[in-house]
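Written below as structure tokens is the structure these notes are about.
The shown structure was predicted, so the numbers you read here are calculated from the model rather than taken from an experiment.
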Amino acid sequence: MSSFTPEPMNNSQIAAVLDQVADLLEFQAANPFRVRAYRNAARLLHDLAEPVTAILADTQRKLSDLPGIGRDLADKIAELVETGELPQLNELLAAVPPSVLTLLRIPGLGPKKAAALHAQLGVSTLDELRAACEAGRVRELKGFGTKTEQAILANMQFATTAQSRMYWADADQIVLALREHFAGCPGIAQLEFAGSYRRGKETVGDLDVLAVSSTPAQVMDCLATFAPVVDVLARGETKMSVRTHHGLQIDLRVVEARSFGAALQYFTGSKDHNVILRGLARQRGLKINEYGVFRVADQSEEYVAGATEQEVYGALDLPAFPPELREARQEFEWARQNSLPQLVEVSDIRGDLHVHTDDTDGRASLEEMVQAAQQRGLSYLAITDHSQRVSMARGLNADRLLAQWARIDRLNEQLRGFSVLKGIECDILERGGMDLPDEILAQADWVNASIHYGQRQSRQQITERILQAVEHPYVTAIAHPTGRLINRREAYDVDLDAVIKAAGEHGKCLELNASPQRLDLDDVQCAAAKARGVMLVLSTDAHGPEGFDDLRYGVLQARRGGLTRSDIVNTHSWPQLKTLLQMMK
DNA sequence: GCCGTTTTCGGCCCGACTGTTTTCAGTCG
């Protein structure tokens, strides 16, 4: 009775398989460059704007045209998509129990040590490893000792409590506090935060701090007294690592002024971006490390640059890439063609098109939200409260919505140089269709359509519901198009590529929701939408006045997606945007 | 496993810190 056909693998799933192969190969002490090839391919596919299946279906193109995918990997990926399986992975899994990979999650335990534990003590789970440590068997192994054994026991908790990465917004709070703390420390000439925090990633795994000082020990002493710090993990001449009570690791590096730019570049990463950069340097007889750019000759090395990032990149005739773009995606290609996008900035945003009030689940009144928007320099605001289906939020039925719109009309009469738009966040019902009648929606200035219920429906159902909304004449935008909540809830199973394509065809906007737990669409999805010419709308989904401050999180995500102001509709004034919407129809 | 205005073989980014070492391997970023 089953007419079930398996869903084609999406790029993320293919990437996950390749990453798993890399993990297992690494465990087997395979050639590290071979491991890297798998990891590079996984990252490439994960970041790819179009589905791999589309390339495979296109006779004009080959997977091996992609940089980093050769014949071998192209064949393997094709087989994986075709059959849903990769024989190589099955062989690896037969040789290595997958549970040993959990050993690698223990900080300080890498593939070599984990393999030794597995081979010599027969350890393949965390519980077995704990028992071996407690029995004193680990310290007996060559290359291990009592300190290693103790460290494994102490760090085991970090492998079991599935450490989730911190929201960027939360990391930002710690950064602010740490900046203030360091301001009271003598001997610091320059200070900057690097790493994924500086690149604006939606989550941050650890914090990298960089300081210029002639007295590194003093700076390290200072970090040790930062109130949240509970543990010093390592401390050397120039480098120190600590852990805070949040479970966040902070890495401090102290350098000389002439190395500050090089160190900032180096520790901002990404790792893959740096690998490419150094390869380019090498081609020119240069070497880049965290101390500077050096010309390599016979036995000597001559310092060429390093005080600023501009100098470092300039030594290779490259622009100082915005940190958000340093992900080894397209940035080097863009630089080569002199076509780096001029990334959108917070000040480009003129209005907010997804906002709630206390008529539903917001915490402030219509008037208070308008005032807050004005104070932040916006010139328009769409009030988009929930529709009736969202009963928990006291969603609006047609009567209450019309009453709210009447209040908006009266409010607008009093306002100068500011427009309040009549909007709604209208639910896409479980059975399909919109939660309010067409004759009501027809009167709105802005209609966000979104899914809150039936999130666990099949891919086909969810996709069909959203496509219907895209095609609906009065819908302006799809809000939080994937429904994911970072670290908390997976995206619903939606064929986003089909949604993007339809949005392009019907002139509808897709939202980039700036709430730090959502950031939905993500950076890669934004880039995919842009590639299809789909307009994005960057909205805060504010539920109170402070919610407007989330805008900068969305802007960071947009920048990571390579978006410029012309890719985002609410960089226009409301009259311009209204005209644009008419033209897109 | 990938890649090629030196190349189809021999490279593939680079350094700090720790622990277990008598000179370095492993891990991390």
Side-chain angles (χ1 to χ4, degrees), chain A residues 18 21-22 25-27 29-42 44 63-77 88 103-117 138-152 155 158 194-199 204-210 216 220 232-242 249-255 259 262-263 265-294 296 301 312 316 328:
Chain A
L18 296 179
V21 171
L25 285 173
E26 195 165 39
F27 194 81
N31 178 348
F33 297 105
R34 187 172 168 223
V35 175
R36 198 169 91 183
Y38 278 92
R39 294 217 190 281
N40 281 342
L44 176 87
L63 272 182
S64 55
D65 293 337
L66 297 170
I69 308 275
R71 249 187 86 166
D72 184 82
L73 275 172
D75 287 347
K76 282 178 173 150
I77 293 165
Q88 182 196 18
L103 304 182
L104 299 177
R105 295 216 300 263
I106 300 173
L109 205 56
K112 292 278 165 53
K113 282 205 163 83
L117 290 168
V138 169
R139 74 183 75 156
E140 311 278 311
L141 298 182
K142 187 174 165 56
F144 291 75
T146 47
K147 285 206 168 182
T148 306
E149 192 174 80
Q150 290 308 310
I152 289 173
N155 288 331
F158 294 103
S196 53
Y197 169 76
R198 184 161 179 251
R199 300 202 309 281
V204 172
D206 55 26
L207 275 182
D208 299 289
V209 195
L210 202 59
M220 294 188 197
V232 176
L233 304 172
R235 178 169 171 162
E237 295 285 308
T238 62
K239 191 180 162 184
M240 179 180 185
S241 294
V242 301
Q249 184 172 328
I250 303 177
D251 297 321
L252 168 69
R253 196 65 179 262
V254 187
V255 298
S259 299
Q265 191 289 316
Y266 178 83
F267 288 106
T268 297
S270 66
K271 191 173 184 289
D272 297 307
H273 174 92
N274 288 353
V275 168
I276 294 174
L277 188 71
R278 285 166 195 219
L280 294 174
R282 180 176 262 275
Q283 287 172 13
R284 297 180 170 218
L286 298 173
K287 184 177 84 173
I288 301 183
N289 57 30
E290 59 262 57
Y291 300 106
V293 183
F294 299 88
V296 186
E301 289 180 356
V312 172
L316 294 171

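For B:dG19, the OP1/OP2 oxygens have no side-chain nitrogen or oxygen of A:Arg139 closer than 4.0 Å. Regarding contacts with the backbone of B:dG1, every side-chain N or O of A:Arg36 stays at 4.0 angstrom or more from both OP1 and OP2.
Between A:Met220 and A:Val275, it is A:Val275 whose nearest contact on DNA chain B lies nearer the 5' terminus. Of the two residues contacting DNA chain B, namely A:Arg34 and A:Tyr291, the nearest-nucleotide position lying further toward the 5' end is that of A:Arg34.
Of the possible donor and acceptor atoms, one in the side chain of A:Ser270 sits under 3.5 Å from a partner among the backbone N and O of A:His273.
You won't find any donor-acceptor pair under 3.5 Å spanning the side chain of A:Asn274 and the base of B:dG29, going by distance alone.
A:Gln283 has its CD atom 12 Å from the P atom of B:dC12, to the nearest Å. Between the CG atom of A:Leu44 and the C1' atom of B:dG1 there is a distance of 14 Å, given to the nearest Å. In this structure, the CG atom of A:Leu66 is 18 Å from the P atom of B:dG1, given to the nearest Å. As a whole-Å value, the separation of A:Lys113 NZ from B:dT20 P is 8 Å.
Base-pair partner of B:dC9: B:dG4 (Watson-Crick or G-U wobble, both distances under 3.5 Å).
Between A:Lys113 and A:Ile152, the closest side-chain pair of non-hydrogen atoms is not below 4.5 Å.
Between B:dC9 and B:dC14, the two P atoms lie 25 Å apart (nearest whole Å).
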